[in-house]
2 protein chains.
Amino acid sequence: MDQLNDALVSLRQIMRAADLNARKLAKETGLSISQLLVLQAIEQSTDLTAGEIAKEVNLTQATISSLLDRLEQRELVHRVRGAADRRKVYVALTETGRALLSSAPEALHDRFSDRFLKLETWEQSMMVAVLQRVTGMMEASDIDAAPVLDAGKIDRTPLS
Amino acid sequence: MDQLNDALVSLRQIMRAADLNARKLAKETGLSISQLLVLQAIEQSTDLTAGEIAKEVNLTQATISSLLDRLEQRELVHRVRGAADRRKVYVALTETGRALLSSAPEALHDRFSDRFLKLETWEQSMMVAVLQRVTGMMEASDIDAAPVLDAGKIDRTPLS
DNA sequence: AAAAATAGTTTGAAAATTTAATAATTCTTT
DNA sequence: AAAGAATTATTAAATTTTCAAACTATTTTT
């Protein structure tokens, strides 16, 4: 129907905006888009391993590995060998890395925020509700890219 | 505000979904993300010059140039030297290129579409209205990336 | 008709990405 | 417990993407 088409057009526009935003942001921070994604992933959930990051951002482990080399070189992250399982390598943001991320000027967000705050309260509510609905309707895409992140990183040392 | 935060979270999720989708799509079509963006840009507005494409997708002319080399090599686009101004190079999709784009399995869209069509009509309307509102609220980002595409002087002079 | 500006390409180099191979560690099965 | 399989990360080699700077061709300005 026409409704569907309109919705898809809007979605595509949002995606385009997202992409341009990411590029601009990357340029401004002197990072590549992938590096940015990786840093954000690390920021969001602590104690990620290299492999988990790879799944998260949809790249191979090898790519992450060399990507981390660079990020580490710049002292934006550091690696910590796992204690319980020494094959694993946990990655964490350094202070510098955290600072870079938070200082990253999110032009798109700022612009959106300004406008959002000018809306009536009920409009804000409606918008939030709809946006959440939309994300829900897209969500499955994650699932077949990155199967599942099973039980968190609550890394209990096995008693053995 | 909390509302704002919720909205931003949703937006970020949508962007993430968009990014993953782009990657997957690129992989499936055997193109890079940039190549995909370029093709889509060409599809949308005809008679783009190389330079305009560069602005449109936020890459340098040099990058576009080599990118077009590849696309042309694969016969997805072809270049036409401008007639009025022979410095310019207009880029157009070939049949193959058009076919590739339209056959591109838009997994994300499909999934969304299925679900969208199951909504009540009024829900669809509301969703469209809100989405359009959101894109409107983001729109400015385009403007400072790609200044303006003023009234097109469509001078096409085909092959020679 | 020079000089300056514009459009696109080429070149050289860094970084990103992937697949395949390798190394280290842990888990399984006998 | 030892041998073999599986997991996790890294390295190696090849390709691709990307950009800045230099360059060519064309148009516009002076």
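Worth saying up front: this structure is predicted, and the values here are computed from it rather than measured. Below, chain A is the first sequence line, B the second, and so on; all start at residue 1.
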Could you check Thr60(A) against Ala62(B) and say which one's nearest nucleotide on DNA chain C is further toward the 5' end?
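Closest to the 5' end, via its nearest nucleotide, is Ala62(B).
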Most 5' of Ser34(A) and Arg87(A) on DNA chain C, judged by nearest nucleotide
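On the 5' side of the pair lies Ser34(A).
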Could you check how far [atom1] of [X] sits from [atom2] of [N], rounded to whole Å?
| X | N | atom1 | atom2 | result |
| --- | --- | --- | --- | --- |
| Gln73(B) | dT16(D) | CD | P | 9 Å |
| Asp69(B) | dT17(D) | CG | P | 11 Å |
| Arg23(A) | dC19(D) | CZ | P | 8 Å |
| Asp85(A) | dA24(C) | CG | C1' | 11 Å |
| Ile33(B) | dA16(C) | CD1 | P | 14 Å |
| Leu67(A) | dA14(C) | CG | P | 18 Å |
| Arg74(B) | dT15(D) | CZ | C1' | 12 Å |
| Leu68(B) | dT18(D) | CG | P | 12 Å |

Quick one: label Ser66(A) by what it contacts on the DNA or RNA (base, sugar-phosphate, nothing), any heavy atom closer than 4.0 Å.
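Here Ser66(A) touches the bases of the nucleic acid.
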Base, sugar-phosphate, or nothing for Ser32(A), non-hydrogen atoms under 4.0 angstrom?
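Sugar-phosphate: the residue Ser32(A), judged by heavy atoms under 4.0 Å, touches backbone atoms but no base.
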In terms of the nearest nucleotide of DNA chain D, which residue is placed more toward the 5' end: Val89(A) or Lys27(A)?
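Looking at the nearest nucleotide for each, Val89(A) comes out on the 5' side.
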If you assign Arg70(B) and Ile64(A) each to the DNA chain D nucleotide with the nearest heavy atom, which residue ends up on the more 5' nucleotide?
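Its nearest nucleotide lies further toward 5', so the answer is Ile64(A).
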N or O in side chain of [X] less than 4.0 angstrom from [N] OP1/OP2:
| X | N | answer |
| --- | --- | --- |
| Arg79(A) | dT10(D) | yes |
| Thr63(B) | dC19(D) | yes |
| Gln35(A) | dA16(C) | yes |
| Thr49(B) | dG8(C) | yes |
| Gln61(B) | dG8(C) | yes |

So, are Arg23(A) and Asp19(A) salt-bridged, with charged N and O less than 4.0 Å apart?
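Looking at Asp19(A) together with Arg23(A), the answer is yes, because their closest N to O distance falls below 4.0 Å.
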Asp69(A) bridged to Arg74(A) by N-O distance under 4.0 Å
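Arg74(A) and Asp69(A): not salt-bridged.
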Side-chain donor or acceptor of Arg79(B) paired with backbone N/O of Tyr90(B) under 3.5 Å:
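Absent.
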Can you tell me if Glu123(A) uses its side chain to pair, donor with acceptor, with the backbone of Glu120(A) under 3.5 Å?
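Here the side-chain-to-backbone pair exists.
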Side-chain touch Met138(B)/Arg111(A), heavy atoms, less than 4.5 angstrom:
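Met138(B) vs Arg111(A): side chains apart.
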Side chain of Leu59(B): nearest nucleotide among dT26(D), dT11(D), dC19(D)?
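Of the candidates, dC19(D) comes closest.
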